[in-house]
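Here is how names work: the chains are called A, B, and so on, in the same order as the sequence lines, proteins then strands, and each is numbered from 1. Nothing here was measured: the structure is a model prediction, and the numbers come from that model.
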There are 2 protein chains.
Amino acid sequence: MVQIISKKTVSFIGQKMATQIDEQLFSKYGFKVEQLMELAGLAAAQAIAAHYPKSNVAVLCGPGNNGGDGFVCARHLQQFGFNPSIVYPKESKNELMKSLVTQCETSSIPIQPTLPTNLHTFPLIVDALFGFSFQPPPREPFTQILKTVRASGIHVFSIDIPSGWDVEKGAPEDTADDVIHPHAVISLTLPKICMRNWTGPHFLGGRFVPRGLVEEMQLQMPEYPGFEQIVKVED
Amino acid sequence: MVQIISKKTVSFIGQKMATQIDEQLFSKYGFKVEQLMELAGLAAAQAIAAHYPKSNVAVLCGPGNNGGDGFVCARHLQQFGFNPSIVYPKESKNELMKSLVTQCETSSIPIQPTLPTNLHTFPLIVDALFGFSFQPPPREPFTQILKTVRASGIHVFSIDIPSGWDVEKGAPEDTADDVIHPHAVISLTLPKICMRNWTGPHFLGGRFVPRGLVEEMQLQMPEYPGFEQIVKVED
């Protein structure tokens, strides 16, 4: 059971604020990307396991930190009894991303650059393509992937930002076909402004922002119960 | 609620096996210390929050990875509403340990090299001094700390190995006064042989060992429910 909180109790933040929080965590507050990515990916996997039955799941990973969250999420999903496959269209040269690839490969989680040809057999897709630093529009090879996923009608669970959305303005005009229409979303740290009018299932994770940073930035953080790492956000 | 499993369903491992698993995780399986330490410290904090009421808590951190787990545990304990203070008698020059110090300092978690003079006001002590690579006997400045903690009668929660214990033979003879007599323990990855006859509260965490390594080393891993990161071990 995931506890429900009201969306009125938390801040919705813009792209600039999200970037500032991120920068502060890694500079003044001394965090390592590896630490927070592990907690973010774990929270995403927990939200998925709380909301969907165990199944095959295609995890779409971009080349940046959002993609890294996706790799970590896939690893934990396997521990939770899901059967993940990773789609990684654009390989990063980043050392941590290479380690994440090794971790998944040695755990027998398949990684391929394109969508599986049997995509229709996957009941669930995890979208970890673009995060809070994304600027629309998406480019190739991602445009084609977004179109195929959109056309498939398969349920998509987005990590932090539904890919193709503007972090503040949300989904582009209705006719755009290279954008995720998620079934559920997990916001990390705090929901972004694009999620304000979202009415679908909405989780929140990232229980790691230190008190000093919360005060400095005047953030309204969610109240997590007990030792839980996720909550659900409703009206 | 933490799910209970029988101790008969998991392997109890020796010092050599624990070292081999650790080495494999960081070499062949490509994990970063930061990732697994974060999960270990989180699991320890969750076990503490599941078992004890919120309170002041003194977290004793050694200079190695067990101490690192302690720093991470302290950070999460603060998120869970505890009020941690760190005792860090022997500063490490390791880059990650320095980051962990920064993370706690900027979160207003006090760090001092000696036990607080008002130790008797702490209802709980977390023992993260020595882990599975410890060889008895302990040396100064740890001997004096272990003696004071022992004499205080305060409840101690040990991470992985009660400090001063031999990883396989357990506590030294009854007359030794420089050894932890824990109130509760969390074993990480798998319980060590010294825990076989332990009858107190016993948690197990470290839900990250990849299937390939489990098979390669013929390990009997615990069955964790749902997306939980800890279980409790009973007869």
From the list E34(B), R207(B), Q229(B), the residue making the most non-hydrogen contacts under 4.5 Å with chain A is R207(B)
Proximity breakdown for R211(A) and chain B, heavy-atom pairs closer than 4.5 Å: side chain
For the pair Q79(A) (side chain) and V209(B) (backbone), establish whether a donor and an acceptor sit closer than 3.5 Å, ignoring hydrogens and angles. yes
Select all residues of residues 93-104 of chain A having any heavy atom within less than 4.5 Å of some heavy atom of chain B, and report them by number, or 'none'. E95(A), L96(A), S99(A), L100(A), T102(A), Q103(A)
Result block: side-chain N/O donor-acceptor pairs under 3.5 angstrom for residues 43-58 of chain A, not counting sequence neighbours:
residue	atom	partner	partner atom	Å
Q46(A)	NE2	F227(B)	O	3.0
Y52(A)	OH	H183(A)	ND1	2.7
N56(A)	OD1	N83(A)	ND2	2.7

More than 12 foreign heavy atoms under 6.0 Å from NZ of K7(B): is that the case here? yes
Take atom CG in D235(A); do more than 12 heavy atoms of anything else shown fall under 6.0 Å from it? no
Are more than 12 heavy atoms, taken from residues, nucleotides or ligands other than Q220(A), located less than 6.0 Å from that residue's CD atom? yes
So for L25(A), is it side chain, backbone, both, or neither that comes closer than 4.5 Å to the heavy atoms of chain B? neither
Taking side chain as everything from C-beta outward and backbone as N, CA, C, O, which of these in L39(B) sits under 4.5 Å from a heavy atom of chain A? Side chain, backbone, both or neither. side chain
Determine, step by step, whether Q35(B) and K32(A) satisfy the side-chain contact (heavy atoms from CB on, under 4.5 Å) criterion, reporting the C-alpha distance in whole Å, the side-chain angles of both residues, the deciding distance to 0.1 Å, and the verdict. CA-CA 9 Å; Q35(B) 299 178 309; K32(A) 302 281 185 187; over 6 Å; no
Heavy-atom distance under 4.5 Å to chain A: side chain of L42(B), backbone, both or neither? side chain
Separation between CD of E38(B) and CZ of F31(A), rounded to the nearest 0.5 Å: 7.5 Å
More than 12 heavy atoms of other residues, nucleotides or ligands under 6.0 Å from CD of E91(B): yes or no? no
